[in-house]
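Read the structure below first, then the notes.
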Amino acid sequence: MFPCAASSESSVEEDIFLLASIDVRLRELETEQAAVQEQRISFSQSKQKLAANIIAKQVHRAPMRILLPEICGEIFSYCVLGDDDRQHEEHTIWFICAPAVLANVCRRWRDMVVNNPILWTRLCIRLDDQINHTARAKLWATRSQQLPLHVTLRPSMIPQATGIPDALLQRFMNAVRWLSRHIQRAKSLAIGSGIPIIPLLLLDGKLPPMLHLQSLILQTGEKDDASIVQCVLDAPLLREVTLRDLTSMARILQETLEHLTILVIAYNRRWVNPTIFSSTLASCIQVVECTITFPSEPFSALSDPILLPEVRKLEVHWRHQFDPAVVIGAFRTPKLEHLVLAQDGEEPVNSRLMTSPLKQLFISAFNLQRLTLSRCALGNWSDLLSVLVEAPSLSELEMLKCKQGSLILQTLTPQYDARPTTWFCPRIRRLLVDSFDRWDVRTILDFVRKRMYTGEAREIPESDGYAYLEELEIPRSLGTLDFHSRIYMRSQLRDIAASGRTKPDTFTTTTPPRLYEIMSLLSDRQREDLHKSMLDYLYANNYMSAFNSLKADAGIEYTPDPKAKYTGLLEKKWTSVIRLQKKILDLETRNAGLQDELSTAPAKRASQTDWLPRNPAAHTLTSHRAPITRIAFHPQYSVLASASEDATVKIWDWETGDFERTLKGHTKSVNDVDFDHKGHLLVTCSSDLFIKIWDTQNEYKNIKTFPGHEHSVSSVRFMPGDQYIISASRDKTLRVFDVASTHQVRTITGHSEWVRWVTPSSDGKIIASCSKDQTVRIWDPLTGEQKAELRGHENDVEVVIFAPIAAYAAIRELTGIPNTERSKRHGLYVASGSRDKTIKLWDTQTGQLLRNLAGHDNWVRALAFHPSGKYLLSSADDKTIRVWELMTGRCVKTVDAHAHFVSCLVWGRQAASSTSSDSKANGAAGDASKEPEKLVNVVASGSVDQTIKIWLP
């Protein structure tokens, strides 16, 4: 150490000497410090080079398939002439040592990468002052060799606060303009927001046709939308679209909406034209997955329903300023399987009007299996029970950060002290609750105890539609519970799992591993064998990372041995389980059918003449993509024709349930279909104003088209003799056409509203029609004169049919009418069904109402007489088929036919006798005194659920 100051007795010379000595020592220390710093830098550089060289030597001769994805990404980036499209953080190991690794690897693979056009199909252009994007676009367009491109245009990489330099913006726009020449090759196109991009892609003021485009992402702003309002996108293969405002893009996408399968509407502050949202979204008739985020700026409730016939998954997101009740009730989703309702915000939404709209949505989604609720304030959804009762197929329930989520569980918890015991949503097998407090613990545990296969879950009500809870998922931390609540809940869950009986269902939670181990249904030996079989499977398939992780976590010793009992055990068990599951399902289905048949079997086997339809249906025909409107049987062969709102007619073999062909020709809903009495011709009518005839003997070719009606044609029939057809229309008229010449023979007027149905008598001397004006009218088809007007219904009359002569005796006994000479006339009685939920029997000669049959709970849509004349069958929007005994007027049987409205019903036609001059209509019979030689006991029904059911003995 040097003294800090000279003593008072020292001379000046000694002080100068000491100062010089201190300066010399300081210089020496500085020199040594600089040398140490240089040495430190040298060692640091040597360390980095050594680490890089080690990695380089490890991968130098390794095939590309076992390299880490990050290294492969670096290889490609450094092989494209320095045009780096990566985003790195400088502290990552890949950024530090990648150059040394690539120096060895890319020498071997450079030619392969540069000359492989598939690797040049993904092009991203964004604002970047380090890259010449025009040269980059040319390079990608050239080396991709005309393959479809995946193009991303993202101008929003520069923060808006700093602004975009003019030179940088100009370079970006030049690159996009050059790329517009090749944009028709795009297979996927993603356009970000920030500056108007779409105008740069226009050629002669139009968007070029994009024949390869399958995916489109438009994150454009409002100013971008205005520039393309007159453009129409030609992309026949487009299936996936993501955008922020569907209403502003309605015109550009008008030709592609009906082909989309995935639609995502991201958040936008406001929509340009909310009034067209319903009609635009309803155009997406093939969408399977739909995600909608509503704007924060509110708009009025949607008045028109939105029918999405094919959607399986629907996600609805909203911000706290928006009330979803104005929209949710408008959706109609008959095939919906997964519904997500989510508020994108911190506080759950407080909507007190959600119950009614949600109930309407659940009614239309009769096959809903999974419900996800996120940040919903369930305490404000009054009358939850009325909503949940409309979801009988629900099997998975997820509640994510919901307020008062225990309210739903209280509703779904069975009350065994009540009689009879009722399970709402009886098929729930999986429950996920990720947020709850200590007040919800008892509710969750009570629900699990009474719905799982445990001692407290008593017998399930006798029905095939019930199932025990199999899986409960809760967070590892058990929500926000305090210490004592966590201990209590874990112990209770452990007790519930231990109390399970012999049913081999799996109870799993996301609780800590040690708790799961206690809850495991496997013994120690079984668990060890399972682990070893899993390790064997991973080792045999070279999944070494997963193999090492499982081996470490399980803590067992494993040595591969081809002769060990666990070798290949996992695959054997897996295939065995699948095979047994299928066998069990088949046996359960067969057993259920036999049990149902046994329970409904009469003490004495009924004769075939009195056969009536009963569950289960022999065949369920599915192929239509919209509700079924009408069905018709071929008079001679086992052929069935069905008409649908999907604008097609389909031909089936009803004996085998096989689909045969589709007839396309109409452009709108096909409303009716009918065979002639020999089965040589098929007539159809449609909302496109046309009637068409198809030749059944010549591959069902469309041979004639009848114009004439001024509005939708709702019904059409062949007249007896097959020379004429009679049609009814929304233009309030009936029209008679000559089949041979297609000329209109006669126009019959008299109804004041839409004519819904027309049918001729079996001898063709009179016809009956019914209308929205609540009347049934009888006409002379030769003169057009009205014979009778039958009034008595209180709502639209949907259907009218003539009673066959075989039914006259039962009708006379029901009404007390004496037997007279006129009792054998054709067309003496008619039956009509109405939206007032009633069926009425009428005398066509006097116009007298004979009997009113009430029993349906919704609109009556179709009628058919039994061939024996003893019964009348009806179908309605209450989803049932009812059988009425004509002698007593009582409903003697109710069949739960479909999962949705039953829109049509028909009995198989009896083949016309070769010697008889009278052609018989559907459900008609011959002389009442003569038993038909051969009854065709088959009934077909069609529904809004898009299925047709065949009912056979």
Side-chain angles (χ1 to χ4, degrees), residues 47-79 86-113 116 118-119 122 471 473 476 506 508-517 519-579:
K47 177 182 177 181
Q48 294 180 6
K49 290 179 181 179
L50 183 60
N53 289 333
I54 291 173
I55 296 178
K57 290 177 180 179
Q58 289 176 345
V59 302
H60 180 65
R61 298 192 177 278
M64 181 180 287
R65 65 181 175 83
I66 69 170
L67 289 180
L68 294 176
E70 292 87 345
I71 294 182
C72 293
E74 298 291 346
I75 293 170
F76 177 68
S77 298
Y78 279 90
C79 284
R86 299 162 296 137
Q87 294 182 3
H88 282 295
E89 297 181 3
E90 296 189 2
H91 62 273
T92 60
I93 182 66
W94 309 114
F95 183 84
I96 296 173
C97 60
V101 176
L102 296 171
N104 288 277
V105 178
C106 291
R107 280 198 293 267
R108 300 171 55 204
W109 294 341
R110 179 184 180 86
D111 291 340
M112 180 194 71
V113 173
N116 188 348
I118 296 178
L119 299 178
R122 296 189 177 274
E471 185 176 347
E473 291 190 25
R476 284 181 171 271
T506 304
T508 59
T509 70
T510 52
T511 49
R514 62 184 182 85
L515 180 59
Y516 175 79
E517 217 173 85
M519 288 194 264
S520 176
L521 299 178
L522 302 177
S523 64
D524 294 339
R525 177 97 175 256
Q526 291 173 328
R527 192 183 305 112
E528 183 180 358
D529 288 344
L530 176 60
H531 290 162
K532 287 185 177 181
S533 62
M534 293 170 64
L535 288 170
D536 174 76
Y537 174 81
L538 296 174
Y539 184 85
N541 289 275
N542 200 27
Y543 300 143
M544 301 310 296
S545 177
F547 171 81
N548 294 328
S549 298
L550 178 59
K551 186 176 179 181
D553 291 342
I556 61 175
E557 293 295 330
Y558 170 79
T559 302
D561 184 3
K563 297 182 180 180
K565 66 176 182 179
Y566 47 78
T567 301
L569 181 63
L570 197 62
E571 294 93 331
K572 295 177 184 177
K573 292 291 185 183
W574 180 259
T575 53
S576 299
V577 168
I578 294 176
R579 186 172 62 254

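Numbers here are sequence positions counted from 1.
- No donor-acceptor pair closer than 3.5 Å links the side chain of Asp536 to the backbone N or O of Lys532.
- Residue Tyr543 holds its OH atom at 14.5 Å from CG of Leu550, rounded to the nearest 0.5 Å.
- Here the NZ-CE distance, from Lys551 to Met544, works out to 8.5 Å after rounding to the nearest 0.5 Å.
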